[in-house]
Amino acid sequence: MSSNDVPEYHVAGIGAGPANLSLAALFPAASLGRIALFDNQPGPAWHPALLSPGVRMQTSWMKDLVSLVDPQHRLTFMNYLVTSGRLFALLNAQFDTIPRLEYVRYLTWAARRIEGIHYDTAIERVTWTGDGFELFAGGRPVARAHHLSIGVGTRATRPEWMRGLPEHAVFIADELTGRLDALRGDLAAPIAVVGGGQTGLECVLKLIGAGFTDVRWLGRRQWFQTIDDSPVANEFYRPAHQQFLQQLSRGTRRRLVVEQGPTGDALTPGALRVLYQANYDRMLDLDRFPAVLYPGRDVVSVGVEAGAGGDELVMRCDTPGGREEHRARHIVVAVGREASPVPFDDDLAERVEYDDDGDMLIEPDYSLRWKGMNGHRIFVLNRARYSHGVPDANLTLLPVRAATVINAMAGRAVFNVIDKLCPVRWIA
């Protein structure tokens with residue numbers, strides 16, 4: 001492909017997950033030109049390795065890709081239900097929150113109706129040309145763009161103590177589904193799940209359902225904390241609170257957001273109830289619980305020792321009562337997720353500005369602060385937690401964020417984000 005044949009777009013998005021899908025769905029309303037999304041997956045997907053029957057969403061189905069700013073849009077979740085003939089079946093099932101598999105079906109349905117998505121195209125490098133951005137995949141340029149939208153999502157965190165351990169015995173939660181058949185050879189072997197969050201819970205539930213009888217669930221917190229889903233906690237998940245945060249210093253914002261963690265970084269109460277009930281049902285067969293919960297255990301190192309039944313993994317944990325050791329044949333690691341790397345080349349990466357905590361400096365309109373922008377903006381999605389609040393890391397305000405980005409690109413209010421009827425006064 002010659003340089004003259006490289007397609008040009010008003011904005012190019014890296015990643016075609018929910019964040020950039022929301023942007024692409026709403027973008028035509030601005031009449032700014034073309035948008036393209038590039039994703040390394042072969043087709044529409046959202047954490048496919050973590051999908052299991054019975055897993056529920058943590059957000060309302062009303063918080064889809066578009067409805068919060070454009071409820072008449074053709075890609076609403078309601079339109080998906082009606083046009084696919086699923087509406088009445090879902091209503092009659094009386095879910096408090098919809099199955100995660102249903103949300104993925106909705107994303108797939110929407111993605112197939114959005115033009116300009118390029119799957120199986122891993123962007124390996126983005127360079128700044130002086131008058132725009134050039135994106136490379138497979139060693140060749142695939143797009144030029146006036147603006148960028150970074151929506152590369154997250155990847156599983158691998159703690160330092162995983163280094164050097166046998167990969168067949170210690171693996172991340174994303175790999176559990178693919179390993180179940182091999183693990184079923186010894187259902188009585190002790191297997192540990194490390195990580196007290198929602199993914200850890202879902203792994204424990206999956207192992208119980210698969211017939212494992214000795215599951216140990218270790219979490220760092222002093223209890224397996226459920227989400228604060230109270231009305232006042234949900235006030236953090238609305239535009240009015242984001243606007244309030246923007247009036248504060250970066251340090252104050254960070255402190256407040258950390259305090260708000262239990263409203264999002266915790267367990268779904270319904271899922272925890274399902275786990276307790278499944279554990280009790282199996283106890284009636286075994287006369288003991290197949291899963292035992294170990295809160296307050298912070299795994300700091302893991303070693304390998306020879307045992308009578310094969311190698312054992314020895315987990316050394318800090319606890320409020322001192323150091324403990326726990327043994328298992330296998331360890332499933334579910335200690336959280338971290339931002340995936342952004343494929344900027346060295347020159348572009350050096351232009352990015354960071355705060356004292358090492359976070360990218362992100363403006364109220366989600367644009368990245370970088371040297372030499374000259375009207376060309378890099379919008380960063382899912383990385384503004386400590387500047388824009390806890391909703392930035394989840395699906396709650398996807399269309400609000402997308403509308404903010406589109407308004408910034410257009411230089412006008414393409415979308416009006418209205419949030420006036422608020423019973424909470426964050427500032428006088």
Side-chain angles (χ1 to χ4, degrees), residues 14-22 39-41 44-52 55-59 63 100-101 103-104 107 122 150-163 165 167 170-179 192-206 217-221 224-227 236-237 254 257-258 260-268 271-272 298-299 331-343 357-360 362 366 380-398 401:
I14 303 177
N20 266 334
L21 283 179
S22 179
D39 199 287
N40 61 355
Q41 298 186 105
W46 184 60
H47 299 309
L50 298 177
L51 291 176
S52 300
V55 176
R56 305 288 179 252
M57 294 293 292
Q58 293 179 303
T59 54
K63 296 177 178 179
R100 193 181 296 171
L101 282 168
Y103 184 75
V104 171
L107 292 180
I150 307 299
V152 294
T154 61
R155 62 184 180 182
T157 300
R158 297 175 183 267
E160 183 62 29
W161 53 256
M162 281 186 71
R163 189 185 302 275
L165 294 175
E167 295 182 0
V170 183
F171 49 90
I172 60 174
D174 304 55
E175 301 172 6
L176 176 59
T177 299
R179 292 176 180 259
V193 176
V194 178
Q198 184 73 12
T199 300
L201 183 155
E202 292 167 8
C203 288
V204 174
L205 192 56
K206 182 177 292 187
W217 186 18
L218 286 73
R220 184 177 59 183
R221 292 174 177 170
F224 291 89
Q225 187 176 33
T226 54
I227 285 176
F236 297 141
Y237 294 81
R254 190 179 189 91
V257 170
V258 169
Q260 295 162 12
T263 68
D265 297 335
L267 307 175
T268 303
L272 191 59
D298 185 10
V299 178
I331 299 176
V332 184
V333 180
V335 296
R337 304 189 71 82
E338 61 187 8
S340 297
V342 179
D357 295 303
D359 294 323
M360 293 177 173
I362 300 174
Y366 294 95
V380 184
L381 314 183
N382 299 339
R383 297 197 181 215
R385 178 186 181 93
Y386 294 113
S387 59
H388 289 66
V390 285
D392 189 68
N394 57 44
L395 306 171
T396 309
L397 294 178
L398 285 180
R401 180 174 58 198

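All values below come from the heavy atoms of this structure, side chains included, with hydrogens, waters and symmetry mates left out. What you see is a predicted model; the values in this text were computed from it and never measured.
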Would you name the heavy atoms of [X] and [Y] that are closest together and state the gap between them?
{"X": "L21", "Y": "A16", "value": "CG-O, 3.5 Å"}
{"X": "I227", "Y": "G264", "value": "CD1-O, 4.0 Å"}
{"X": "V193", "Y": "G200", "value": "CG1-O, 3.7 Å"}
{"X": "N382", "Y": "G153", "value": "ND2-CA, 4.4 Å"}
{"X": "G15", "Y": "N20", "value": "O-ND2, 2.8 Å"}
{"X": "E338", "Y": "T157", "value": "N-OG1, 3.6 Å"}

Is there a side-chain contact between [X] and [Y], using heavy atoms and a 4.5 Å cut-off?
{"X": "F224", "Y": "V204", "value": "no"}
{"X": "V333", "Y": "F171", "value": "no"}
{"X": "D357", "Y": "Y386", "value": "no"}
{"X": "R337", "Y": "D174", "value": "yes"}
{"X": "R179", "Y": "V332", "value": "no"}
{"X": "D392", "Y": "R401", "value": "yes"}
{"X": "E167", "Y": "E175", "value": "no"}
{"X": "L201", "Y": "L272", "value": "yes"}

Look up atom [atom1] in [X] and atom [atom2] in [Y], then write down how far apart they are to the nearest 0.5 Å.
{"X": "T226", "Y": "Q198", "atom1": "OG1", "atom2": "CD", "value": "10.5 Å"}
{"X": "I362", "Y": "S387", "atom1": "CD1", "atom2": "OG", "value": "5.0 Å"}
{"X": "L205", "Y": "E202", "atom1": "CG", "atom2": "CD", "value": "8.0 Å"}
{"X": "Y366", "Y": "I150", "atom1": "OH", "atom2": "CD1", "value": "16.0 Å"}
{"X": "L398", "Y": "K63", "atom1": "CG", "atom2": "NZ", "value": "10.5 Å"}
{"X": "I172", "Y": "R155", "atom1": "CD1", "atom2": "CZ", "value": "10.5 Å"}

ask   = Do other residues, nucleotides or ligands put more than 12 heavy atoms under 6.0 Å from R254 CZ?
value =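 It does: R254 CZ has more than 12 such atoms within range.
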ask   = Only one of V380, I14, D39 clears side-chain contact (heavy atoms from CB on, under 4.5 Å) with V152; which?
value =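 Exactly one candidate clears the test, I14.
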ask   = Can you tell me if Y237 uses its side chain to pair, donor with acceptor, with the backbone of T263 under 3.5 Å?
value =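 Judged by distance alone, yes, a pair lies under 3.5 Å.
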query = Between R385 (side chain) and V257 (backbone), is there a donor-acceptor pair under 3.5 Å?
reply =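 Absent.
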task = Apply side-chain contact (heavy atoms from CB on, under 4.5 Å) to the pair M162 and I331, showing each step before the final yes or no.
result = CA-CA 10 Å; M162 281 186 71; I331 299 176; over 6 Å; no
